[in-house]
Amino acid sequence: MAFEELFKGLEPRDVLRKFYDISQIPRVPGSMKPISDYMVRWAEGLGLEVLRDETDNVLVRKPASPGREDRPVIILQSHMDMVCEKEPGSTHDFYKDPLQLRVVNGDKVMATGTTLGADDGIGVAQTMAILEDDSLVHPAIEALFTVDEETDMKGAWNFDCRLLQGKTMVNLDSCARMVAGSGELEYKMRFDKVTEPIASGSLVRKLRIGGLIAGHTGQNSMLERGNAIMMVNRILLEMEQELPYQLIYMRGGRGLSSAYARDASATVAFAPEYEAKVRKICDGQLAIFRYELEHRDPGVSLTLEAAEPEYGEAMDAKTAHRLRSLILLLPDGVFTRHQVYEGCMESTSNVGVVETEAKEMYLTILIRSFMENRKFYLLDKVRRLCQLLDVRTELGYNIPHWEFCVREDTMALAGAVYGDYPVTVAQGTLETGIFCQHRPDMEIIALACPYYNAHSPEEYFLISELAKSQKELKELLKRF
């Protein structure tokens, strides 16, 4: 749908226009050149100074408005990439297809069948609108647009912070008045897949968990929604107690540890006389899941259908037992709660991906914490478990947490402009901890427009909240 038809009569028009424009361009982590090229062309078209580094980060400088030349430079920071999740059965290709935006009830912006990319397209669009508007009063602005935040934060790690003239960074990737944030690490696990022939005469069935809301494993951690990987494994464990079967294949998550697994499946083979028992187990487990998730994730569904074996053979008993045991014993969910900021986690973990490959089993877990010691304590648990089960491991990445580093006068200014937002912390991991390491002399505060259900196709933002957020951001820049 064209912009004029989609957002007719809605404000802030300038921000919505920029969000729409970048939603037409692929923003896949690890493949950021299309959006980076667009941002460079756009900034050059405004006559602004533009720097792009080898990682495809883009830095844009806008001079101070008249009378504000003596004010300190302010950095507005956001990331260009997005989480690429879609509904089962969707044919959307994130590498070439534009997002299909829609407006629900005149206020809620969503994408059809996919993630919306409000994380962090909203921050990018807000900054672009600021840079385009020559009527605003503001100090000199450095707008930093980074890449690959949603994976290993390569953009922030590789950016040369010596290029930044400012010492106050306003992060636009979370919510208003956030002053600290969690760190995270991803841990990868592999072990050999030994196979055996599927028993002659077996029925092959695929059981699939779906219908979950999923979402961001930091921002949504305290909601304690369902993890489809863990739920499929619970069914396999229950079957193990009731009948002989062979496990052929298991898959869960969409390759991204920072999102809860919305769906997962397992392919199994068993003798025909056990089909009724398998269906009874599945029905019983679904009833349990619906009872457990009634107030947290009520849409959970389970299907059992005929299938073809993915690799033509089944895992041997030892491989299947190792997989079930590993998933069962891995820490998953909130580990400790924050004792200062009510309603926030202090440390949590998420079993995010399981893949059956031709010769190996592959899993990942993502650990978040506001404290390094908690993060590595959880890692030690996983590492020791993998040693016991003879599972090979690799640290994927380790991102530092963000300590409070805001000056008193900046806190007072943010309080004056954003006073109806409580001071809180980011449960999701931002790039801020990396920038703090690069530039210990820099203060950082997050003052962004809220977005909801990030990392899932249920992601959305509210136009009314965007309008309020942009008005506040303009006022903040005026007062700096």
Side-chain angles (χ1 to χ4, degrees), residues 29 53 55 57 59 75-81 83 119-120 123 142 144-164 166-187 216-221 256-258 335-336 338 340-341 344-350 365-379 395-407 410-411 414 423-448 454-455:
D53 64 16
T55 313
N57 296 308
L59 176 64
I75 307 161
L76 301 180
Q77 189 266 321
S78 53
H79 66 85
M80 297 180 285
D81 59 313
V83 168
D119 175 11
D120 184 29
E142 293 180 310
L144 176 58
F145 304 101
T146 53
V147 301
D148 296 348
E149 189 271 352
E150 298 294 359
T151 51
D152 57 4
M153 300 200 181
K154 179 176 66 177
W157 281 120
N158 290 347
F159 182 73
D160 184 357
C161 283
R162 292 173 297 182
L163 296 172
L164 296 173
K167 293 186 177 181
T168 297
M169 176 179 284
V170 177
N171 172 274
L172 296 172
D173 180 27
S174 199
C175 191
R177 290 232 281 173
M178 288 185 168
V179 296
S182 70
E184 71 178 51
L185 60 80
E186 182 185 63
Y187 207 51
H216 191 291
T217 61
Q219 186 183 79
N220 302 132
S221 60
L256 193 67
S257 302
S258 59
F335 185 65
T336 54
H338 209 293
V340 177
Y341 295 96
C344 295
M345 66 84 185
E346 179 186 72
S347 58
T348 187
S349 59
N350 173 59
I365 187 169
L366 189 77
I367 299 171
R368 298 181 189 269
S369 181
F370 286 86
M371 299 179 178
E372 287 289 295
N373 60 302
R374 289 285 191 194
K375 186 169 67 175
F376 284 98
Y377 179 64
L378 280 170
L379 178 61
L395 181 63
Y397 57 79
N398 178 24
I399 299 167
H401 64 289
W402 163 32
E403 292 274 8
F404 179 90
C405 59
V406 189
R407 297 197 317 266
T410 303
M411 286 294 291
V423 178
T424 186
V425 291
Q427 296 180 86
T429 306
L430 306 179
E431 294 155 293
T432 44
I434 298 171
F435 292 126
C436 284
Q437 279 197 3
H438 288 337
R439 282 279 303 274
D441 62 328
M442 190 159 59
E443 63 169 351
I444 305 179
I445 188 168
L447 299 169
H455 297 191

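Bear in mind that the values here come from a model prediction, so they are computed numbers and not experimental data.
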If you take all heavy atoms of [X] and [Y], which pair is closest and at what distance?
X      : Y      : answer
Phe159 : Leu59  : CZ-CD2, 4.2 Å
Asp119 : Ala454 : OD2-CB, 4.0 Å
Val425 : Tyr341 : CG1-CE1, 3.4 Å
Gly166 : Glu142 : N-OE1, 3.0 Å
Cys405 : Cys436 : SG-SG, 3.8 Å
Lys375 : Ile367 : O-CG2, 3.8 Å

Is it the case that the side chain of [X] and the backbone of [Y] share a donor-acceptor pair, with hydrogens and angles ignored and the cut-off at 3.5 Å?
X      : Y      : value
Asn171 : Ser78  : no
Glu346 : Thr336 : no
Asp120 : His79  : yes
Thr55  : Asn57  : no
Asp148 : Asp152 : no

*Does CZ belonging to Phe376 count more than 12 external heavy atoms closer than 6.0 Å?*
yes
_Tell me every residue that passes salt bridge (charged side-chain N to carboxylate O under 4.0 Å, His left out) with Glu150, counting only those two or more places apart in sequence or in another chain._
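Glu150: no salt bridge (charged side-chain N to carboxylate O under 4.0 Å, His left out) contacts found.
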*Ile365 vs Glu186, side-chain contact (heavy atoms from CB on, under 4.5 Å): CA-CA, chis, key distance, verdict*: CA-CA 6 Å; Ile365 187 169; Glu186 182 185 63; over 6 Å; no
Measure the shortest side-chain to side-chain distance between [X] and [Y] over non-hydrogen atoms and say whether it is less than 4.5 angstrom.
X      : Y      : value
Gln427 : Asn220 : no
Ser182 : His401 : no
Tyr397 : Leu366 : yes
Leu144 : Leu76  : no
Cys344 : Thr424 : yes
Leu378 : Ser347 : yes
Cys175 : Gln219 : no
Thr217 : Thr348 : no

*Before giving the answer on side-chain contact (heavy atoms from CB on, under 4.5 Å), spell out for Glu431 and Thr146 the whole-Å C-alpha distance, their side-chain angles and the decisive distance to 0.1 Å.*
CA-CA 9 Å; Glu431 294 155 293; Thr146 53; 2.5 Å; yes
_Steps toward side-chain contact (heavy atoms from CB on, under 4.5 Å) verdict (Trp157, His438)_ = CA-CA 8 Å; Trp157 281 120; His438 288 337; 4.2 Å; yes
Pairwise distance [atom1]([X]) to [atom2]([Y]) - rounded to 0.5 angstrom:
X      : Y      : atom1 : atom2 : result
Thr432 : Ile445 : OG1   : CD1   : 11.5 Å
Leu379 : Leu395 : CG    : CG    : 7.0 Å
Met442 : Lys167 : CE    : NZ    : 11.0 Å
Phe435 : Gln77  : CZ    : CD    : 4.5 Å
Met178 : Leu430 : CE    : CG    : 7.5 Å
Ile434 : Asn158 : CD1   : CG    : 9.5 Å

*asked:* Are His338 and Phe370, when compared by the centres of their aromatic rings, separated by less than 6.0 Å?
replied: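 For His338 and Phe370, the ring centres are under 6.0 Å apart.
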*Do Glu443 and Thr168 have a side chain donor and acceptor closer than 3.5 Å?*
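Note: Glu443 and Thr168 side chains meet the donor-acceptor criterion.
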*With sequence neighbours left out, which residue pairs that include part of residues 173-184 fulfil the salt bridge (charged side-chain N to carboxylate O under 4.0 Å, His left out) condition?*
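Those involving residues 173-184 are Glu184-Arg368.
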*His455: what forms a ring pair (Phe, Tyr, Trp, His ring centres under 6.0 Å) with it, not counting sequence neighbours?*
His216
